[in-house]
Amino acid sequence: MVKHQPLQVYERQLCLSCITGIYGCRWKRYQRSHDDTTKWELLWSLILLLTFCLLLVWFYFWWEAHNDYNEFNWFLYNRSGEWSDGTVPILATTAAGFTYIAFLMVLALCHIALGQQLNLHWLHKIGVTAALLTTIAGVISVSQTWGQEWDVIPISLQATGPFLHIGALAAVTALSWIVAGQVTRTEKTIFQLVVVLLYLSVLLGLYVVPLYITSPCIMDPTTLKPRPDVIGHQGAPMLAPENTMWSFQRALQMNVTGLETDVAISVDGVPFLMHDHTLWRTTDVEKVFPDRQLVETSFFNWTDLQQLNAGQWFLQNDPFWTVHTLSPHEKDLIANQKVCSLEQLLKLASFHNTTVVFRVRRPPPEHPCYHSWINDTLQAVQQSGTPQSLVMWTPDEHRAQVKRLAPGLIQTSLEKQSPESLHQYGINRLMLRYNQASMQEIRNFSESHINLILFTVNEPWLYSVLWCSGVSSVSSEAPHVLRKVPYPIWLMTPDEYCLMWVSADLISFAVVIGIFIFQNYHMIRYRMSGMRGYNPEQIMLSATVRRSSRDINIMKEKLIFSGQPQYPPATLILHV
């Protein structure tokens with residue numbers, strides 16, 4: 001007797017199982033579907049896309065804000081009274097959230113490419129919602145407490161814009177494979193038209209984006225101005241405790257051309273260096289004067305200030321994660337630093353023929369030096385023996401009197417004014433935060449012979465952008481980093497950039513056209529061969545009946561068909 005028995009064998013696809021299982025917990029074949037995605041799941045896909053875009057901007061913001069991490073930590077310290085590196089938890093959660101959402105986006109794109117229905121698992125929906133709400137809360141919080149930092153995004157785009165454009169163009173070009181597959185598989189003309197128009201709109205937008213990308217580093221290299229001078233902001237605070245003699249000495253070792261500091265007036269009229277309004281963060285005042293640890297710095301006399309240790313906190317808190325790079329000798333020097341007076345700093349600068357710029361903080365009204373603070377500061381300058389041509393004077397109060405008593409001082413303003421106003425008051429230097437001057441304003445100040453100093457510049461990319469813009473000087477907490485930047489990170493002529501831009505657009509256009517042609521040709525071949533649908537799980541139905549009926553029954557497996565059209569019936573091979 002002849003028996004005819006087809007043997008049904010599935011070709012396992014582990015990759016597809018992982019994609020549908022991780023994204024929607026659909027690990028089995030019969031749980032998958034080629035049906036259209038429901039409107040509810042489409043809504044969640046849009047929420048996922050929105051979360052990804054928002055996290056991308058948030059991640060980019062914190063990546064570029066690295067230049068101002070110390071400023072952010074100082075803001076937190078002023079609000080909470082406790083010093084800690086607040087960027088660590090933010091960076092950790094941002095990196096984790098972005099990685100998670102990006103992974104879900106990749107899985108969603110794989111579902112679309114394979115024709116699978118999108119069905120995000122409820123646990124992932126909770127995760128996406130948490131990531132979205134957390135990011136929105138972070139954006140609102142930064143806008144309220146540190147709103148000026150958002151300016152770092154347009155400034156950083158001057159350094160990264162041309163390269164981000166190439167990356168975005170490559171990503172959208174790669175998406176053409178998925179878009180072409182969707183267009184060729186669907187039979188709805190309206191859907192095809194909408195998808196193609198939407199995709200082409202994004203693509204054409206990227207093609208013309210370089211028309212709106214401006215960067216000072218796209219210039220003729222022969223017009224590049226000399227390297228900007230670097231001023232050590234509070235010395236070299238990443239290598240030594242801020243505003244101490246060792247910090248300024250370390251800055252001088254990095255070939256800075258100037259030193260910047262903050263000055264307070266003691267109760268007995270001695271100008272000394274201190275950035276904070278209290279001594280709690282940068283000294284051991286809680287041990288020496290436990291009942292005065294939150295008292296305003298200017299209400300200490302010089303004798304009391306000299307009893308404080310101004311270096312041990314740096315070794316304990318390690319604010320810049322650099323203590324491990326210090327030698328034992330350097331740690332010993334740091335551990336014995338004292339509060340520094342303005343006169344001591346001026347003598348050090350005079351010895352090295354280095355410029356000094358300081359901001360004097362006026363004492364409170366009840367302070368005995370409230371009315372004499374200008375004269376006390378000028379007296380310290382005169383007693384130091386420092387040439388007036390090395391001292392940059394910043395207070396606006398009684399500037400006319402200061403010019404009469406000390407005409408050799410370099411008059412410097414901390415308030416943004418027009419070049420005409422600055423010349424009117426005899427001011428030839430202007431000191432601003434780096435986000436307060438545009439490229440055009442920098443050129444105007446330079447043409448008006450106003451020496452512009454921008455602070456605080458710690459990152460090579462920012463230093464390069466300002467260099468190309470024509471800035472003459474920058475103030476930095478990381479002179480050891482900027483010392484390693486002898487030339488802008490990148491510089492190209494307009495013709496070179498135009499060539500790069502046009503070449504990238506042409507290559508992208510050719511690749512997109514090629515992918516659409518290949519997808520259409522591939523689909524036509526399938527339809528001509530009787531393949532009306534695409535089933536990612538190929539079913540192999542071929543076998544020879546050479547075993548007993550019992551063995552054959554054991555090897556059988558139920559074939560479960562999806563709602564899509566299937567392959568032609570398997571060939572039945574008969575053996576007598």
Side-chain angles (χ1 to χ4, degrees), residues 19 22-25 37 40-69 71-73 75-76 85-113 118-175 178-179 198-199 202-203 205-206 209 213 459 461:
I19 290 173
I22 296 174
Y23 187 83
C25 201
T37 303
W40 174 249
E41 291 299 331
L42 283 177
L43 176 61
W44 273 107
S45 299
L46 292 176
I47 294 175
L48 176 62
L49 178 61
L50 173 64
T51 305
F52 173 76
C53 295
L54 186 59
L55 265 173
L56 183 63
V57 175
W58 182 247
F59 183 82
Y60 179 80
F61 167 77
W62 279 105
W63 182 271
E64 299 299 339
H66 185 270
N67 183 83
D68 304 312
Y69 281 178
E71 180 183 285
F72 176 72
N73 290 331
F75 283 159
L76 294 181
D85 193 344
T87 62
V88 172
I90 294 177
L91 292 174
T93 54
T94 299
F98 180 75
T99 302
Y100 170 65
I101 297 300
F103 181 61
L104 290 182
M105 278 295 301
V106 171
L107 291 178
L109 292 175
C110 290
H111 274 71
I112 296 174
L118 291 172
N119 186 17
L120 187 64
H121 193 260
W122 64 270
L123 282 177
H124 290 318
K125 292 176 180 177
I126 294 176
V128 171
T129 303
L132 178 61
L133 296 179
T134 302
T135 306
I136 292 175
V139 170
I140 295 174
S141 178
V142 168
S143 300
Q144 293 178 346
T145 60
W146 202 28
Q148 63 180 355
E149 190 62 20
W150 288 115
D151 292 337
V152 77
I153 292 181
I155 294 175
S156 66
L157 288 176
Q158 297 178 15
T160 61
F163 309 101
L164 291 179
H165 166 250
I166 298 298
L169 189 61
V172 173
T173 301
L175 286 178
I178 297 177
V179 174
L198 182 62
Y199 178 75
V202 174
L203 194 62
L206 284 175
V209 155
I213 293 179
E459 291 295 308
W461 70 263

From L120 CG over to E41 CD, what is the distance, rounded to the nearest 0.5 angstrom? 6.5 Å
Partner of P162 under side chain to side chain contact (heavy atoms under 4.5 Å, CB included), chosen from V209, L157, I213: I213
Taking all heavy atoms of Y100 and all of L123, pick out the closest pair and write down the distance. OH-O, 4.3 Å
Flag if over 12 foreign heavy atoms under 6.0 Å of CH2, W150: yes
Of all the heavy-atom pairs spanning T37 and L118, show the shortest one and how long it is. OG1-N, 3.2 Å
Indicate the ring-plane relationship of H124 and H121, choosing parallel, tilted or perpendicular according to the 30° and 60° boundaries. perpendicular
Measuring only between side-chain heavy atoms, which start at C-beta, is F59 closer than 4.5 Å to I101? no
Would you compute the distance between atom CG of L48 and atom CG of L132 and round it to the nearest 0.5 angstrom? 10.0 Å
CZ of F52 to OG1 of T135, rounded to nearest 0.5 Å, is 12.5 Å
What distance separates F72 CZ from I90 CD1, expressed to the nearest 0.5 Å? 3.5 Å
Within-4.5 Å side-chain heavy-atom neighbours: W63 and S156: no
In this structure, CG of L55 is separated from OG1 of T99 (nearest 0.5 Å) by 9.5 Å
I155 CD1 to E149 CD distance, which is reported to the nearest 0.5 Å: 8.5 Å
State, to 0.1 Å, how close L206 and A168 come at their nearest heavy-atom pair, and which atoms those are. CD1-O, 3.8 Å
Smallest separation among heavy atoms of W146 and A65, with atom names: CH2-CB, 4.4 Å
Looking just at side-chain N and O atoms, do W461 and T160 make a donor-acceptor pair shorter than 3.5 Å? no
Taking N67 for its side chain and E459 for its backbone only, find out whether a donor-acceptor pair lies under 3.5 Å. yes
